[in-house]
Student: 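Have a look at the structure that comes next, please.
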Amino acid sequence: MNQKARASAIRPTRVEDYAEWYQQVVRAADLAETSAVRGCMVIKPWGYAIWENMQRVLDRRFKETGHKNAYFPLFIPLSFLAKEAEHVEGFAKECAVVTHHRLVAGPDGGLIPDPKAQLEEPLIVRPTSETIIGASFAQWVKSYRDLPLLINQWANVVRWELRTRLFLRTTEFLWQEGHTAHATDTEAREETLRMLDVYTEFAEQTMAMPVIRGPKTPSERFPGAVDTYTIEAMMQDRKALQAGTSHFLGQKFAESSGIRFTDAAGQLNLAWTTSWGVSTRLVGALIMAHSDDDGLVLPPRIAPAHAVIWPVFRGDETREAILEAIHGIAAGVRAEHFGGRQIEVEVDLRDNSGGDKQWEWIKKGVPLRIEVGPRDLAAGTAMVTRRDLGAAGKESIPFADLPARIPVLLEQIQADMFARALAERDANTKAIDDRAEFDAFFTPQKPNKPEIHGGFALSHWCGSPTCESTIKDKLKVTIRCIPTYGIAGAKAAERINEAGKCIVCGEASAQRVVFAKSY
Ligand SMILES: [Zn+2]
């Protein structure tokens with residue numbers, strides 16, 4: 001946190017009111033805004049560019065792991081959703097339903113749905129697409145030779161939410177959903193974990209956001225899944241955010257959709273399916289994992305622009321020379337690569353004051369700011385400032401060295417951001433075996449004031465849903481996952497596999513699980 005004795009650009013600060021700080025960072029960076037439709041957001045160009053970068057990196061990984069993109073209908077017949085009992089139960093409470101296909105003038109002059117145009121069967125606006133994609137898979141899969149079937153869809157979905165927050169929870173959101181069908185249980189399980197690996201690698205290497213991964217408890221599973229695996233990240237208020245999930249669906253959806261194939265011996269079998277997804281919620285995670293009291297801080301691999309450059313004019317005599325230098329620097333740096341793409345440099349020639357430009361780009365989170373004024377020009381150097389370090393990150397670099405130096409700085413920022421997030425998570429992850437200590441860990445000390453407290457508690461759980469809900473009801477704390485895969489780099493990770501006694505009932509437990517408050 002910036003300790004300088006000046007007002008921060010974002011008010012309130014994280015410590016003063018984390019929830020409101022988040023909204024103000026979104027606004028100051030011009031990422032998104034609320035819309036005329038309650039619960040639905042408008043994603044503005046800077047926010048959408050971040051999502052496009054996420055899509056680009058993920059889409060490449062999906063294709064490298066053998067998947068192909070396709071597109072399925074926005075509408076799902078009501079009867080399709082109803083085929084899988086647990087699935088419909090899980091989504092019924094948040095479905096948007098289309099019942100008519102025409103409007104007519106109503107008695108008061110306004111428009112109303114035409115009573116004569118009622119649909120024979122209502123349509124659901126997809127909350128997720130297992131059932132509609134399953135219907136296609138049932139047509140496409142005939143023989144074992146058609147398997148595995150590896151499909152991904154980039155789409156929007158609707159889950160009717162009453163309490164919404166930009167990016168984190170909106171009625172309509174953008175996502176990708178992978179859907180695959182396999183000949184065997186083993187292959188489908190391998191696929192589920194392969195995609196969890198892809199998400200883990202994306203979160204840690206591209207978003208610089210360390211995650212803990214493993215299966216969810218039965219009560220937290222995707223409706224209809226046999227197993228749900230998750231990646232969970234710690235935000236700066238020490239709450240967990242579920243950043244991606246991968247589901248092993250067994251044969252349940254294959255059975256309800258009729259996905260059958262003839263095996264090599266001529267026997268008819270049910271396929272094994274998986275589904276997995278991440279959404280625009282990741283943009284919310286990115287904001288909350290890294291930003292500071294001056295606004296957004298973007299990891300270079302996901303930033304819409306890696307650097308911004310602007311001239312600082314003092315009188316007219318050096319104006320042309322400074323502009324020439326700026327364009328030369330931008331061209332030189334743009335010819336270089338970082339993180340698999342060409343370096344993107346914004347040239348800001350607007351007639352705003354240098355101070356205004358500086359604060360605007362700070363709030364937008366651009367990793368590097370480059371300024372050239374008359375004194376720099378005379379010295380043949382540019383002033384380069386790292387967003388993630390504040391004033392401490394200033395460096396004067398000769399023009400000729402910039403093309404080589406910028407990618408090195410970006411790599412350093414990416415690594416430092418991950419290291420800081422990991423250190424922060426480690427500092428707030430604790431093995432707790434005493435119930436009183438556990439309760440105190442999750443109880444604010446100043447009940448009437450916003451307060452950053454708690455973290456990840458690695459504690460024992462016997463496996464009983466009753467013990468799980470006792471903790472949830474009392475403390476609003478849930479089991480985020482059963483971390484079977486260890487935690488990269490975490491000190492507390494060594495204690496995951498210890499045996500012990502359930503934090504609630506004292507029954508035997510073979511390993512620790514991750515308890516936390518969450519988004
Ligand atoms: Zn128990």
Student: Measuring from atom NE2 of His179 to atom CD of Glu191, what distance do you get when rounded to the nearest 0.5 angstrom?
Tutor: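 Rounded to the nearest 0.5 Å, the NE2-CD separation comes out at 11.5 Å.
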Student: Atom CZ in Phe202, atom CZ in Arg301: separation rounded to 0.5 Å?
Tutor: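 One finds 11.5 Å between CZ of Phe202 and CZ of Arg301.
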Student: Looking at every heavy atom in both Ile496 and Pro483, which two are closest together, and how far apart are they?
Tutor: CD1-CG, 3.3 Å
Student: Please determine, by modelled atom types, if Glu172 and Asn156 share a side-chain donor-acceptor pair under 3.5 angstrom.
Tutor: yes
Student: Can you see whether Asn152 engages Trp276 through a side-chain donor-acceptor pair at a distance of less than 3.5 angstrom?
Tutor: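 No, no side-chain donor-acceptor contact under 3.5 Å.
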Student: List the atom pairs, with distances to 0.1 Å, where a side-chain N or O of residues 304-311 and a protein N or O form a donor-acceptor pair under 3.5 Å, not counting sequence neighbours.
Tutor:
from	atom 1	to	atom 2	distance (Å)
His306	ND1	Glu344	N	2.9
His306	NE2	Pro300	O	3.4
His306	NE2	Arg341	NH2	3.2

Student: Check this for me: Trp154, atom CH2, are more than 12 non-hydrogen atoms of other residues, nucleotides or ligands nearer than 6.0 Å?
Tutor: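 Counting other residues, nucleotides and ligands, CH2 of Trp154 exceeds 12 neighbours.
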Student: Looking only at side chains, do Tyr48 and Asn53 share a donor and an acceptor under 3.5 Å apart?
Tutor: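 Note: Tyr48 and Asn53 side chains miss the donor-acceptor criterion.
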Student: Pairing donors with acceptors under 3.5 angstrom, does anything connect the side chains of Lys517 and His453?
Tutor: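 A donor-acceptor contact under 3.5 Å links the two side chains.
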Student: How about Phe248 and Phe222: are their ring centroids closer than 6.0 Å?
Tutor: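 Between Phe222 and Phe248, which both carry aromatic rings, the centre distance is not below 6.0 Å.
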Student: For Thr274 and Thr180: C-alpha separation, side-chain torsions, deciding distance, then whether side chain to side chain donor-acceptor pair (under 3.5 Å) applies.
Tutor: CA-CA 5 Å; Thr274 81; Thr180 68; 2.5 Å; yes
Student: Are the side chains of Arg27 and Lys363 in contact, using a 4.5 Å heavy-atom criterion?
Tutor: no
Student: For the residue pair Met209 and Ala243, what are the closest heavy atoms and their distance?
Tutor: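 That closest heavy-atom pairing would be CE-CB, 4.0 Å.
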Student: Minimum heavy-atom separation for Lys357 to Asp348, with atom names?
Tutor: NZ-O, 3.0 Å
Student: Check step by step if side-chain contact (heavy atoms from CB on, under 4.5 Å) holds for Leu150 and Phe62.
Tutor: CA-CA 9 Å; Leu150 309 173; Phe62 297 159; over 6 Å; no
Student: When rounded to the nearest 0.5 angstrom, what is the spacing between CD in Gln236 and CG in Asp292?
Tutor: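 Going from CD on Gln236 over to CG on Asp292, the span is 8.0 Å.
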Student: Are more than 12 heavy atoms, taken from residues, nucleotides or ligands other than Arg56, located less than 6.0 Å from that residue's CZ atom?
Tutor: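 Count over threshold, so yes.
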Student: Would you mind telling me which of Arg213, Lys216, Lys239 makes a salt bridge (Lys or Arg N to Asp or Glu O under 4.0 Å) with Glu232?
Tutor: Lys216
Student: For Ser275, enumerate each residue passing the side-chain hydrogen bond (donor to acceptor under 3.5 Å, both in side chains) test, keeping only those at least two apart in sequence or located in another chain.
Tutor: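 With sequence neighbours excluded, Ser275 shows a side-chain hydrogen bond (donor to acceptor under 3.5 Å, both in side chains) to Glu130, given in chain and number order.
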Student: Under 3.5 Å, is there a donor-acceptor pair linking the side chains of Thr245 and Thr228?
Tutor: no
Student: State whether the number of non-hydrogen atoms from other residues, nucleotides or ligands found under 6.0 Å of Arg350 atom CZ is greater than 12.
Tutor: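 It does: Arg350 CZ has more than 12 such atoms within range.
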Student: Just so I know, are the side chains of Leu286 and Ile50 near enough to count as touching, which here means a heavy-atom distance under 4.5 Å?
Tutor: yes
Student: Which heavy atom of Pro127 sits nearest a heavy atom of Phe91, and at what distance?
Tutor: CB-CD2, 3.8 Å
Student: If we ignore hydrogens and angles and just use 3.5 Å, is the side chain of Arg387 paired with the main-chain N or O of Leu296 as donor and acceptor?
Tutor: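 Yes, Arg387 side chain to Leu296 backbone: donor-acceptor pair under 3.5 Å.
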Student: Can you find a pair of side-chain heavy atoms, one from Arg369 and one from Gln358, that are under 4.5 Å apart?
Tutor: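 Counting from C-beta outward, Arg369 and Gln358 do come under 4.5 Å.
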Student: Do Asp376 side-chain atoms and Gly373 backbone N/O form a donor-acceptor pair below 3.5 Å?
Tutor: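 Yes: the side chain of Asp376 pairs with the backbone of Gly373.
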Student: Between CD1 of Ile432 and CZ of Phe438, what distance do you get to the nearest 0.5 Å?
Tutor: 7.0 Å
Student: Is there a donor in the side chain of Arg480 and an acceptor in the side chain of Ser518, or the other way round, less than 3.5 Å apart?
Tutor: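 Ser518 and Arg480 do have a side-chain donor-acceptor pair below 3.5 Å.
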Student: With a 4.5 Å cut-off on side-chain heavy atoms, are Ile482 and Trp461 touching?
Tutor: yes
Student: Would you confirm whether Tyr199, through its side chain, and Arg194, through its main-chain N or O, come within 3.5 Å as a donor-acceptor pair?
Tutor: no
Student: Does Glu324 CD have over 12 foreign heavy atoms under 6.0 Å away?
Tutor: no
Student: Hey, mind stepping through Ser129 and Glu177 against side chain to side chain donor-acceptor pair (under 3.5 Å) and telling me if it holds?
Tutor: CA-CA 8 Å; Ser129 303; Glu177 48 182 320; 2.7 Å; yes
Student: Donor-acceptor pair, Gln176 side chain versus Gln55 backbone, under 3.5 Å?
Tutor: no
Student: Report yes if some heavy atom in the side chain of Leu402 is under 4.5 Å from a heavy atom in the side chain of Val384; otherwise report no.
Tutor: yes
Student: Got a donor-acceptor contact below 3.5 angstrom from the Thr385 side chain to the Lys394 backbone?
Tutor: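 Pair absent, no side-chain N/O of Thr385 close to backbone of Lys394.
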Student: Got a donor-acceptor contact below 3.5 angstrom from the Thr170 side chain to the Leu166 backbone?
Tutor: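 Side chain of Thr170 to backbone of Leu166, a donor-acceptor pair under 3.5 Å: no, none is there.
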Student: Hey, what do you get for CZ (Arg14) to CD (Glu20), rounding to the nearest 0.5 Å?
Tutor: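 Between atom CZ of Arg14 and atom CD of Glu20 there are 15.0 Å.
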Student: Please report the closest heavy-atom contact between Phe167 and Thr280, naming both atoms and the distance.
Tutor: CD2-O, 3.6 Å
Student: Short question: side chain of Arg281, backbone of Phe173 - any donor-acceptor pair under 3.5 Å?
Tutor: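 Not at all, since once roles are kept as given, no pair shorter than 3.5 Å links the two residues.
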Student: Does the side chain of Gln342 come within less than 4.5 Å of Arg334's, by heavy atoms?
Tutor: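 Arg334 does not reach Gln342 side chain to side chain.
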Student: Work out which heavy atom in Ala421 is nearest to a heavy atom in Pro210; give both atom names and the distance.
Tutor: CB-CD, 3.5 Å
Student: Is it true that a side-chain atom of Asp17 and a backbone atom of Thr13 form a donor plus acceptor pair closer than 3.5 Å?
Tutor: no
Student: Is the ring centre of Phe441 less than 6.0 Å from the ring centre of Phe515?
Tutor: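 No: the rings miss the under 6.0 Å criterion.
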Student: Within the distance-only criterion (no hydrogens, no angle test), does the side chain of His327 pair as donor or acceptor with the backbone N or O of Ile322 below 3.5 angstrom?
Tutor: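 No: the side chain of His327 does not pair with the backbone of Ile322.
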Student: Using 0.5 Å steps for rounding, measure from the OG atom of Ser8 to the CD1 atom of Ile362.
Tutor: 11.5 Å
Student: Within the 4.5 Å heavy-atom criterion, are Ile287 and Leu31 side-chain neighbours or not?
Tutor: yes
Student: Holding to ring pair (Phe, Tyr, Trp, His ring centres under 6.0 Å), I want the full list of residues that pass it with Tyr18, two or more places apart in sequence or in another chain.
Tutor: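 For Tyr18, the residues satisfying ring pair (Phe, Tyr, Trp, His ring centres under 6.0 Å) (neighbours in sequence not counted) are Trp21.
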Student: Can you tell me if Arg165 has over 12 outside heavy atoms packed within less than 6.0 Å of its CZ?
Tutor: yes
Student: Check whether any side-chain N or O of Thr381 sits under 3.5 Å from a backbone N or O of Leu377 as a donor-acceptor pair, and report yes or no.
Tutor: no
Student: Take Ile212 and Cys481 through the side-chain contact (heavy atoms from CB on, under 4.5 Å) test and state the conclusion after the steps.
Tutor: CA-CA 8 Å; Ile212 292 178; Cys481 76; 3.7 Å; yes
Student: Please examine the side chains of Glu346 and Val366, heavy atoms only from C-beta on, and report whether any two atoms are closer than 4.5 Å.
Tutor: no
